[in-house]
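Computation of the quantities below employed the complete heavy-atom set of this structure, encompassing side-chain atoms and omitting hydrogens, waters and symmetry-equivalent molecules. Protein chains get the first letters and strands the later ones, always in sequence-line order, with residue 1 at the start of each.
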Amino acid sequence: MKRERAPNFYRRVYAETKRIPRGKVTTYGTIARVLGSFRASRAVGYALMHTPMDENIPWQRVINARGTISIGGNADRPAVQKRLLVREGVHFDKSGTVDMKKYFWEP
DNA sequence: GGCTTGACGCTTA
DNA sequence: GTAAGCGCCAAGC
């Protein structure tokens, strides 16, 4: 998980994620585009998956293009993520979808 | 060094 | 409007 030789790509993803202001959310594609590869959405997701909690990175503000939270495996993580976003002022739809039109943030 | 998997995105049916 | 397939980058085996 924690690699001393953290790839530059990871650091970029973390940096962009930390740039997200409170009450705003972004998508993997946006992060990938900022990094220089719009189609690297998968790599971005993979990087966030390895997001070290030591850095206190708001990975919860990064969601997919649909505005919904994926993961699926542990239902605890998305639950906490949704809770954090709602606590920050992000409104969630009853289906668990975020209104990207209002909360979508891009650099 | 090559193949497969993975928090996705976009296009086509 | 919903469903399925292809493509991208990066890491793991």
- Between CD1 of A:Ile69 and C1' of B:dA7 the distance, given in whole Å, is 10 Å
- Would you please classify the geometry between the A:Tyr46 ring and the A:His50 ring as parallel, tilted or perpendicular, with 30° and 60° separating the classes? tilted
- Note on the structure: Against the side chain of A:Ala40, the closest entry in C:dC9, C:dG7, B:dA7 is C:dC9
- Separation of C:dG7 C1' from A:Arg33 CZ (nearest whole Å): 18 Å
- Between A:Glu88 and A:Arg61, is the closest basic N to carboxylate O distance under 4.0 Å? yes
- Message: Nearest 0.5 angstrom please: A:Arg19 CZ to A:Ile31 CD1, how far?
- Response: 9.5 Å
- Query: Measuring from A:Thr27:OG1 to A:Arg66:CZ, what's the distance to the nearest 0.5 Å?
  - Reply: 13.0 Å
- Task: Could you please name the option among C:dC9, C:dA10, B:dC10 that lies closest to any side-chain atom of A:Tyr10?
- Result: C:dA10
- A:Tyr14 OH to B:dA7 P, in whole Å, measures 15 Å
- Note on the structure: In whole angstroms, the gap separating C1' of B:dA7 from OH of A:Tyr28 amounts to 4 Å
- Query: A:Arg66 has an atom CZ; how far is it from atom C1' of C:dG1, in whole Å?
  - Reply: 13 Å
- Checking all strands, does A:Ala43 fall into the base, sugar-phosphate, or nothing category for heavy-atom contacts under 4.0 angstrom? base
- Message: Could you tell me how far apart A:Arg12 (CZ) and C:dA10 (P) are, to the nearest whole angstrom?
- Response: 10 Å
- Taken to the nearest whole Å, CG/A:Leu48 to P/C:dA10 is 14 Å
- Query: How close or far is atom P of C:dC13 from atom OH of A:Tyr46, stated in whole angstroms?
  - Reply: 8 Å
